[in-house]
Protein chains: 2
Amino acid sequence: MLNPVSRKFRNFVRFSEAEEVELEHLVSARRFVRGPRVELGPRAALPDGLHVVLEGWACHYKVLPNGRRQITALCLPGDFCMDRASVLRQVCHSVGTLTAVTFAQLSLSAVDELSANYPRISTALAWQSEVQAAVQREWVVNLGQRGATERMAHLLCEIHMRLWMVDLAEHGSCEMPLTQADLAETMGLSAVHVNRVLQELRSAGLIVLRGRTLTIPNLDALREIAMFDPGYLHAEREGRHLDANEWAA
Amino acid sequence: MLNPVSRKFRNFVRFSEAEEVELEHLVSARRFVRGPRVELGPRAALPDGLHVVLEGWACHYKVLPNGRRQITALCLPGDFCMDRASVLRQVCHSVGTLTAVTFAQLSLSAVDELSANYPRISTALAWQSEVQAAVQREWVVNLGQRGATERMAHLLCEIHMRLWMVDLAEHGSCEMPLTQADLAETMGLSAVHVNRVLQELRSAGLIVLRGRTLTIPNLDALREIAMFDPGYLHAEREGRHLDANEWAA
DNA sequence: CGCCCTGTTGAGTTTTATCAATATTGGTGG
DNA sequence: CCACCAATATTGATAAAACTCAACAGGGCG
């Protein structure tokens, strides 16, 4: 199986052999692993450069003076933990792992070189950055406008879709290693209320959540009540015009 | 007075004469004006290229199937309405004006050329994009973790600070043309509740909000209860090492 | 004058948080 | 395999926060 970055990019472009090889090489260069529930930044043991999650789940979060924590982004396999801009300056929020995580550490210069030589890769990077921003916007909508149940449903839809984009979800199921406390910090709810909302979704037959596995018997139904419109993830292979193989043969 | 883009960038870099001139030229090229409360995108009358607000307030928002609207970002003078990445693809959220707005329309090629010739400008653009992302993250924190009163206080602190960064705020006061309904759609609250929260802040002597003017008698006090940490706006002239004049004389 | 937009107020309801207790689970060492 | 532990999940009762509905006031403007 390809690395998750290539798998993710396939939702947007279709690379040539050479490009795939270059990407694989880029991502294989330097790796490091961290255990579950470890802080990685801003000042902690986070090496220089760009960071990509290869395996496991990480997150961005911020802790307020009153001690409450908000998770502002989930970093799933294939996701960049810190983008180019963040590298230039100290970030004022934290990065941490949720499960054990394998990261790839990309040097900025290597990425720049690749971007310069392979414009399709450069575009794919811009695309991934745009998707990340769109997810962030969608979270604002989710927190601002949806009640607890629809909010939870939306998050689960998003997680499933994002994992699906990197071939880590089947038809209607995927991994979901977040605890109810994690979900609470992600959605701005109390852990107790998360529990009740999950039960509601369960007893409505909309989800099955056991152990670390989420099953969604009827994806359309869940999306309906979540008002989930997958468009913002731009997974529709819209970069058709960026198909390296379309001129072949 | 300089254009708001230059004013904003001064929070990060100190440009050379030549750079200032180039920026001024870039921003003066093509302008267009829209009335208040007009939709601008994604499909509506929005010309190609990058767009910057020169005067007035605009916003990004998304409307859900149930009719509720969430404002996901405020575009104040000096802010970019759509960044480079968004231009490459159709955006799935909308842009609209809140007041009457004057936009500058920047061609991508002009921006690219400027970036290539003036690395400091390129860095400033990256900085602005990072600040925008940080604001977005902060909104997630705000919606997720703060109660209505602190939430409102935080938004007002942010608005004041952002306007201050472009020389549109004095010591403790600035323009605030948003209606209570706008504030509600920004903060995920009902308009009625916004009204009550504002009264609470008023009677605590923390704000004076009359007409379109916001006055903050005691900025520190408001920031305290809002848990507002201005760090995320990166206004501390951190780009000192990017001072074009430091080698002069 | 009359209308529309914005802001204000009150009453009653729904949603969500908090606190505290109890069950369940997964993993660990004996 | 079992006993035990800590982390996680569940439940009930109560309180706080926020929403909805409905009515009304004020201001600007044709």
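Residue numbering restarts at 1 for every chain, and letters A, B, ... go by the order of the sequence lines.
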Backbone N or O of Gly56(B) within a donor-acceptor pair of the Thr99(B) side chain at under 3.5 Å? no
When the C1' atoms of the five terminal pairs at each end define the local axes, what inter-axis angle does the helix from dC1(C)-dG30(D) to dG30(C)-dC1(D) show, to 10 degrees? 40°
His160(A): what forms a ring-ring contact (aromatic ring centres under 6.0 Å, His included) with it, not counting sequence neighbours? none
Using residues 208-216 of chain B as the side-chain source, report each donor-acceptor pair under 3.5 Å to any protein atom, sequence neighbours left out, with the distance given to one decimal.
none

Give me, pair by pair, the N or O atoms of the protein and of nucleotides 28-30 of chain D that are less than 3.5 Å apart, along with how far apart they are.
none

What class does the angle between the rings of Phe80(B) and Phe9(B) fall in, given that below 30° is parallel, 30 to 60° is tilted and above 60° is perpendicular? parallel
Can you give each donor-acceptor pair under 3.5 Å made by side-chain atoms of residues 64-73 of chain B, sequence neighbours left out, with the distance rounded to 0.1 Å?
from     : atom 1 : to        : atom 2 : distance (Å)
Asn66(B) : OD1    : Arg68(B)  : N      : 3.0
Arg69(B) : NE     : Glu185(B) : OE1    : 2.9
Arg69(B) : NE     : Glu185(B) : OE2    : 3.4
Arg69(B) : NH2    : Glu185(B) : OE1    : 3.0
Gln70(B) : NE2    : Glu185(B) : O      : 3.2
Gln70(B) : NE2    : Thr186(B) : O      : 2.9
Thr72(B) : OG1    : His60(B)  : O      : 3.4

Could you list all N or O pairs between the protein and nucleotides 19-22 of chain D that sit under 3.5 Å apart?
from    : atom 1 : to        : atom 2 : distance (Å)
dC19(D) : OP1    : Ser190(B) : N      : 3.1
dC19(D) : OP2    : Ser190(B) : N      : 3.1
dC19(D) : OP2    : Ser190(B) : OG     : 3.1

Of all the heavy-atom pairs spanning Leu168(A) and Pro77(A), show the shortest one and how long it is. CD1-CG, 3.6 Å
Taking only residues two or more places apart in sequence, or in another chain, which ones meet Asn3(B) in a side-chain contact (heavy atoms from CB on, under 4.5 Å)? Val5(B), Ser6(B), Glu24(B), Val27(B)
Residues that Asp182(A) engages under salt bridge (charged side-chain N to carboxylate O under 4.0 Å, His left out), provided they are two or more places apart: Arg37(A)
Rounded to the Å, how far apart are Arg146(B) CZ and dA17(C) P? 16 Å
Starting at atom CD of Glu200(A), determine the distance to atom C1' of dT16(C), rounded to an integer number of angstrom. 12 Å
Return the value, rounded to whole Å, for the distance between atom CE of Met152(B) and atom P of dA18(D). 11 Å
With Arg30(B), which residues qualify under side-chain contact (heavy atoms from CB on, under 4.5 Å), at least two apart? Gln105(B), Ser107(B)
What is the ring orientation for Phe103(B) with His51(B), classed by angle as parallel under 30°, tilted 30 to 60°, or perpendicular over 60°? perpendicular
Got a sec, which pairs hit side chain to side chain donor-acceptor pair (under 3.5 Å) with one end in residues 217-228 of chain A, sequence neighbours left out? none
Going by salt bridge (Lys or Arg N to Asp or Glu O under 4.0 Å), name the pairs with one or both residues in residues 139-154 of chain A, residues two or more places apart or in two chains. Glu138(A)-Arg146(A)
Specify the separation, in whole Å, of atom CD of Glu150(A) and atom C1' of dT16(C). 13 Å
Near-ring test His93(A)/Tyr232(B), centroid separation under 6.0 angstrom: no
Check nucleotides 3-7 of chain C for protein N or O atoms closer than 3.5 Å to its own N or O atoms and list the pairs.
from   : atom 1 : to        : atom 2 : distance (Å)
dG7(C) : OP2    : Gln180(B) : N      : 2.7

Would you indicate, yes or no, if dT9(C) has its OP1 or OP2 atom less than 4.0 angstrom from a side-chain nitrogen or oxygen of Gln199(B)? yes
